[in-house]
Number of protein chains: 2
Amino acid sequence: MDTRIALLETAEMIARQRGLNGFSYADLSAHVGIRKASIHYHFPTKDDLTQEMLDQYVQRFLSRLAEISDRAESAAQGVDAYLTAYREALKDGGSVCLCVAMSADRDSLPAVAVESLNAFQKQSEHWLASVFERAQADRSILAVSSPADEAAAALALVEGAQLVARVTQDVSTFDKATAALRARLSLKRN
Amino acid sequence: MDTRIALLETAEMIARQRGLNGFSYADLSAHVGIRKASIHYHFPTKDDLTQEMLDQYVQRFLSRLAEISDRAESAAQGVDAYLTAYREALKDGGSVCLCVAMSADRDSLPAVAVESLNAFQKQSEHWLASVFERAQADRSILAVSSPADEAAAALALVEGAQLVARVTQDVSTFDKATAALRARLSLKRN
DNA sequence: GTCTATAATGGGATAGAC
DNA sequence: GTCTATCCCATTATAGAC
């Protein structure tokens, strides 16, 4: 069971660095220290591995969003934590989050995975919309018009910011792209 | 020379639909009606083809931006035209612009192509910044803070909007993600 | 310029021993 | 569960005839 986890983690790491089509069983073999053929014991086909990798990621990310909602003392803190999550996924600028990597290579995904991706986007957007609704009440974010539009824009912004930062290989590119949104947040200082 | 052009156009079309790693000489062969081996006469290696495809795209896009600057009667019209350009590249939701496709697969690009991509991003951002500067003068865009930050955000927004729209295969996803920005534009009606 | 033929490599996947 | 050995297929690329 340990090998299985190592395979999933390694696969995700490589997929986030080089794209979904950028990793092979040979790569996994080299990283995990197990022969190519043995991988098929844990994941019969690459699609099986892809699907499980994505499902695990979606579950992990959505539970993180729930956690943020619980702890945030204001809408602004929620958006701030959301931005931070995407920023962290960039590492030093060499990797994007799995959903960006998979969105880009959408056409080579198994159909089921496309459904998972769609569901993930929908839920992310829904979560963001609820945060922007909260902002209309607590006034912690400036100039919120339609929460639904703000949510769609924020999702596109963070994904696009990861994309441009990946090209420059520099987290500061992400920071600059998200600076305008951050500037609208009223955060308490300690 | 006609074959050469057909190869470049077909390669770009497929790359924008399936990703940079998603097309092969066999695909080109099928579409253009020429044998695989013959493609090597026009483009010795795939990297050669990739590079020329990108250079051509960058040149075409930047000249379009220049044209927009020339014709726009206000900053708002400039941003509007910019959004429209990215929207059109989506077609029915099945293809992204070449820079998004290549950004995603950055790590499998030849080094020279990465340089071209970087230059493209820098110039796009610079162009956008000049438009937002103009907006501070003509007041055709609401609530412009730092032109540089607005530019970085706008670039990330349109690229991300293409990414999310590609997942849903629906242009309206792009429209929703860019609605908030569009709402800030003061456009004259005819 | 385009063809056929053929490397040479790397991909995912299976069979069967241990 | 992991191994070796092997298969089949797709890929980029080259050689040489036409």
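Chain identifiers are assigned alphabetically (A, B, ...) following the order of the sequence lines, protein sequences preceding nucleic acid strands; residue numbering begins at 1 within each chain. The shown structure was predicted, so the numbers you read here are calculated from the model rather than taken from an experiment.
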Axial bend angle, the helix from C:dG1-D:dC18 to C:dC18-D:dG1: five-pair end segments, nearest 10°:
0°
Flag for B:Asn21-B:Ser108: side-chain donor and acceptor within less than 3.5 Å
yes
Taken to the nearest whole Å, NE2/A:His42 to P/C:dT14 is 16 Å
In this structure, how many angstroms lie between the C1' atom of D:dC7 and the OH atom of A:Tyr25, rounded?
17 Å
In this structure, how many angstroms lie between the P atom of C:dG16 and the OH atom of A:Tyr41, rounded?
18 Å
Do the ring centers of A:Phe120 and A:Tyr57 come within less than 6.0 Å of each other?
yes
Assert yes or no for the condition that the ring centre distance of B:Phe43 to B:Tyr25 is strictly below 6.0 Å.
no
Is A:Arg4 salt-bridged to A:Glu9, going by a charged N under 4.0 Å from an acidic O?
no
What is the separation between atom CG on A:Leu49 and atom C1' on C:dA13, rounded to the nearest whole Å?
14 Å
Does a salt bridge link A:Asp149 with B:Lys176, judged by any charged N lying under 4.0 Å from a carboxylate O?
no
Checking contacts here: which listed nucleotide (C:dG12, C:dG11, D:dT12) is nearest the side-chain heavy atoms of B:His40?
D:dT12
Whole-Å distance, A:Phe43 CZ to D:dT2 C1', equals 15 Å
Output the rounded distance in Å from CG (B:Leu28) to C1' (D:dA10).
15 Å
Pair A:Asp27 + A:Arg18, salt bridge at N-O below 4.0 Å:
yes
In whole angstroms, the gap separating P of D:dA10 from CZ of B:Phe23 amounts to 18 Å
Please report the interatomic distance OG(B:Ser140) to CG(B:Asp80), rounded to the nearest 0.5 Å.
10.5 Å
Please list each protein N or O that sits under 3.5 Å from an N or O in nucleotides 3-10 of chain C, with the distance.
| from | atom 1 | to | atom 2 | distance (Å) |
| --- | --- | --- | --- | --- |
| C:dC3 | OP2 | B:Arg35 | N | 2.6 |
| C:dC3 | OP2 | B:Ser38 | OG | 2.8 |
| C:dT4 | OP2 | B:Arg35 | NE | 3.3 |

Separation of B:Asp47 atom CG from D:dA13 atom C1', in whole Å?
13 Å
Go through B:Asp47 and B:Thr50 one step at a time and tell me if the side chain to side chain donor-acceptor pair (under 3.5 Å) criterion holds.
CA-CA 5 Å; B:Asp47 280 358; B:Thr50 300; 4.8 Å; no
Going by the rule ring-ring contact (aromatic ring centres under 6.0 Å, His included), which residues pair with A:His42 if we only count those two or more places apart in sequence or in a different chain?
none
Examine C:dT2: is either OP1 or OP2 under 4.0 Å from a nitrogen or oxygen in the side chain of B:Thr3? Give yes or no.
yes
